[in-house]
Amino acid sequence: MLSLADDEAFVIMVWAVDAAQSGRAQTAGRFLSLFNEVREAKFGERYFVFKWALETLVNELLGTKKKAPPKGGLSRRLDCTKFATVATCINTLRDLEDAEDGIVLSRFSALDIMHKIGHRQFEWQRGFFSYSQIYRTLTVFGGDLAKDYFRQNHDISIAEFFNCGFAFYALCQDLPGFKKGVNLTEINLSAHVRDRALGLLSAPLASIQREATSVRQIAGRSTAYQRSVLRKTPILQFGKDVARAPLYSHCRRNPKLKTVSPESVGMLLTLDPWLQMSHQLDRVLEHARKIAGQIDGHIIDEDCKRVLFCSIDDFENTLEIASEESLIGAIRATSKPEFRGWFLFNVHQRTSGEGRRNPYPFAGRVADMIPAWNDKALPLSDPEETI
């Protein structure tokens, strides 16, 4: 099926589906025929299209060799202007993934592969854009050494790169792409800076197709859990001028320390959720206990407090809705068997009846790292212009 698709038309179709179900149905309707059930579909409803499935479709599209048109005859092409095409592709993909999962589940338990499902889906479910994500990323990866390294290697600053990425994201809200030579001087981004950033975030279609073929078409790997080339290169270059983004334990023996409460729970914050979502956590903890025992033979069971592995993203999401009391309650609840493998955010939702929303305390500091943050808003695209 994908061998019959025009790559650019298919990417526009995927963008339109995402836009239609992200509050931008009016602009999406200019590129894709939609009925009300599609426009108004909410997460989990019949006509809602999961964004991680759209990401997989684009990756499969890029790794699929296209059929050459017959000589002197009519060529068949997918009609990428109708939602029915999206539905057919999504349903076919789901059937393929179900068949592959059946083979895997004949050898492993569902819990053994649950983390793969989480890595594929959770980021899309929670979203990619928030003050906390921006501030944390710029703080963790924006130190002096990182800044110098980035400028020496890419000839732009991290702040300029971020501003360009934000500008490209904004340009793709109302249109499925933008001209590579788009003028960004109104927001103090020169042509040189724009081109350098675009070179890091995009690549010509043929180049991305070769990468998709090399990293995804590997025997024995399930379609749903293969690498996505869009995570490295979210913007595709078509022709010479158009860029499109289809989606964008030693306390006890220290006399100076007080007795640790029997209800205490350790917490280890990580930058990513890999171990948090993995079914291998118990194996990792058991191995850690063996190593600790080899290092120090005086460790007793009382010292072995439960440790919660929690990603910083999960912790910050929980802080946004928690009081001090409800946060501590949720952390303690993570030690219960029924919450094994749960995110702290979801444990808090289950154990707390609070519906508060705390303001992000560092929102005002983003402008300190991105000087142009409060200067000027990116101008809206011309609604009459089609790219």
Problem set entry | Neighbour count >12 (heavy atoms, 6.0 Å) for atom NZ, Lys66 | yes
Is atom CD of Gln26 surrounded by more than 12 heavy atoms (other residues, nucleotides or ligands) closer than 6.0 Å?
no
More than 12 non-hydrogen atoms from neighbouring residues, nucleotides or ligands closer than 6.0 Å to CD on Glu338, yes or no? yes
Below 4.5 Å, heavy atoms only, C-beta onward: do Val11 and Phe238 meet side chain to side chain? yes
Closest heavy-atom pair, Arg77 versus Asp6, reported as atoms and distance to 0.1 Å, is NH1-N, 4.0 Å
Ignoring hydrogens and geometry, is there a side-chain-to-backbone donor-acceptor pair from Trp124 to Ala53 under 3.5 Å? no
Does the Asn59 side chain pair with the main chain of Ala212, one donor and one acceptor, at a distance under 3.5 Å?
-> no
**OP:** Would you indicate whether the side-chain heavy atoms of Cys89 and Glu60 approach each other to under 4.5 Å?
**Re:** no
**Item:** Linked, directly or transitively: Leu4 and Met13 (ILVMFWY side chains, under 4.5 Å)
**Value:** yes
Arg350, CZ: over 12 other non-hydrogen atoms inside 6.0 angstrom: no
Here the gap from Asp155 atom CG to His192 atom NE2, rounded to the nearest 0.5 Å, amounts to 3.5 Å
task = Report yes or no: do Leu184 and Val193 belong to one cluster of Ile/Leu/Val/Met/Phe/Trp/Tyr joined by side chain heavy-atom distances under 4.5 Å?
result = yes
Shortest non-hydrogen pair, Pro234 vs Pro246, comes out as O-CD, 3.7 Å
Check: Are more than 12 heavy atoms from other residues, nucleotides or ligands located less than 6.0 Å from atom CG of Leu268?
Finding: yes
Quiz prompt | Ser326 side chain reached by His348 side chain, heavy atoms, under 4.5 Å | solution = yes
Parallel under 30°, tilted from 30 to 60°, perpendicular over 60°: which one fits the rings of Tyr360 and Phe362? perpendicular
Output for pair (Phe162 CZ, Ile134 CD1), nearest 0.5 Å, gives 4.0 Å
Would you check if Ile235 and Phe178 make a side-chain contact, meaning some heavy-atom pair closer than 4.5 Å?
-> yes
* To do: Please answer: with hydrophobic residues joined when any side-chain heavy atoms are less than 4.5 Å apart, are Leu96 and Leu61 in the same cluster?
  => no
Check your understanding: Aromatic rings Phe43 and Phe50: how do their planes relate, parallel, tilted or perpendicular, breaks at 30° and 60°?
Key -> tilted
In short, Ala28 meets Ala16 closest at the heavy-atom pair CB-O, 3.3 Å
(message) Check Asp174 with Arg24, please: is the shortest side-chain N to carboxylate O separation under 4.0 Å?
(response) no
Residues Glu97 and Thr56: closest non-hydrogen pair is OE2-CG2, 4.1 Å
Non-hydrogen side-chain atoms of Tyr225 and Val104 separated by less than 4.5 Å: no
Exercise for the section: Any chance you could lay out the side chain to side chain contact (heavy atoms under 4.5 Å, CB included) test for Phe83 and Val49, step after step, and finish with the verdict? Expected result: CA-CA 11 Å; Phe83 180 77; Val49 182; 4.0 Å; yes
Go through it in stages, so that I can follow the logic: the residues are Arg136 and Asp313, the test is side chain to side chain contact (heavy atoms under 4.5 Å, CB included), and I'd like the CA-CA distance, side-chain angles, deciding distance and then a yes or no. CA-CA 9 Å; Arg136 179 175 64 253; Asp313 187 60; 3.1 Å; yes
Answer yes if Ile312 and Ile321 sit in the same cluster of Ile, Leu, Val, Met, Phe, Trp and Tyr residues linked by side chain heavy atoms under 4.5 Å apart, and no otherwise. no
Side-chain touch Phe141/Ile158, heavy atoms, less than 4.5 angstrom:
no
Using modelled atom types and a 3.5 Å cut-off, is there a donor and acceptor pairing between side-chain atoms of Gln21 and backbone atoms of Val17?
no
d(Ser22 OG, Lys51 NZ) to nearest 0.5 Å is 3.0 Å
message = Run Glu211 and Arg227 through side chain to side chain contact (heavy atoms under 4.5 Å, CB included) and show every step you take.
response = CA-CA 10 Å; Glu211 182 174 4; Arg227 287 170 53 189; 4.3 Å; yes
Would you kindly say whether Ser202 and Lys180 are connected by a side-chain donor-acceptor distance under 3.5 Å? no
Value for OH (Tyr47) from CZ (Phe35), rounded to nearest 0.5 Å, stands at 4.5 Å
Query raised in the report: Any donor and acceptor pair, going by atom type alone, linking the side chain of Asp79 with main-chain N or O of Thr85 inside 3.5 Å?
Result: no
Between Gly142 and Lys147 the two heavy atoms that sit nearest each other are O-CE, 2.8 Å
Where the side chain of Ser222 meets the backbone of Ala224, is there a donor-acceptor pair that is under 3.5 Å apart?
no
What one should report as the nearest heavy-atom pair of Val347 and Ala333 is CG1-CB, 3.9 Å
Walk me through whether Leu230 and Leu236 qualify under side chain to side chain contact (heavy atoms under 4.5 Å, CB included).
CA-CA 9 Å; Leu230 296 180; Leu236 316 180; 4.2 Å; yes
message: Can a donor-acceptor pair be found, under 3.5 Å and without considering hydrogens, that links the side chain of Glu100 to the backbone of Thr223?
response: yes
Distance col, row Arg30:CZ vs Leu175:CG, nearest 0.5 angstrom, shows 6.0 Å
So, the side chain of Arg365 versus the backbone of Tyr135: is there a donor-acceptor pair under 3.5 Å, distance only?
-> no
Check the surroundings of atom CG in Asp98: do more than 12 heavy atoms from other residues, nucleotides or ligands lie under 6.0 Å from it? yes
*Do we see a donor-acceptor contact under 3.5 Å between the side chains of Thr185 and Asn183?*
yes
Would you check if the side chain of Lys42 reaches a backbone N or O of Glu40 as a donor-acceptor pair within less than 3.5 Å?
yes
Between Glu286 and Arg289, is there a side-chain N and carboxylate O pair less than 4.0 Å apart?
yes
Query - Distance-only donor-acceptor check, side chains Asn346 and Gln349, under 3.5 Å - result: yes
For this session: Indicate yes or no: does Arg46 engage Glu37 in a salt bridge with an N to O separation below 4.0 Å.
Result: no
- prompt: Mind checking whether Leu344 and Phe315 have side chains closer than 4.5 Å, heavy atoms only?
  reply: yes
Can a donor-acceptor pair be found, under 3.5 Å and without considering hydrogens, that links the side chain of Ser207 to the backbone of Pro204? no
The reported gap from NZ in Lys179 to CG in Asp241 (rounded to nearest 0.5 angstrom) is 5.0 Å
Subject >> Main-chain N/O of Val14 paired to Asp18 side chain as donor or acceptor, under 3.5 Å >> reply: no
inquiry  = If you define the side chain from C-beta out and look only at heavy atoms, does anything of Ile187 sit under 4.5 Å from Asn163?
reply    = no
Please check if Ile328 and Phe343 belong to a single hydrophobic cluster, counting links between Ile, Leu, Val, Met, Phe, Trp and Tyr side chain heavy atoms closer than 4.5 Å. no
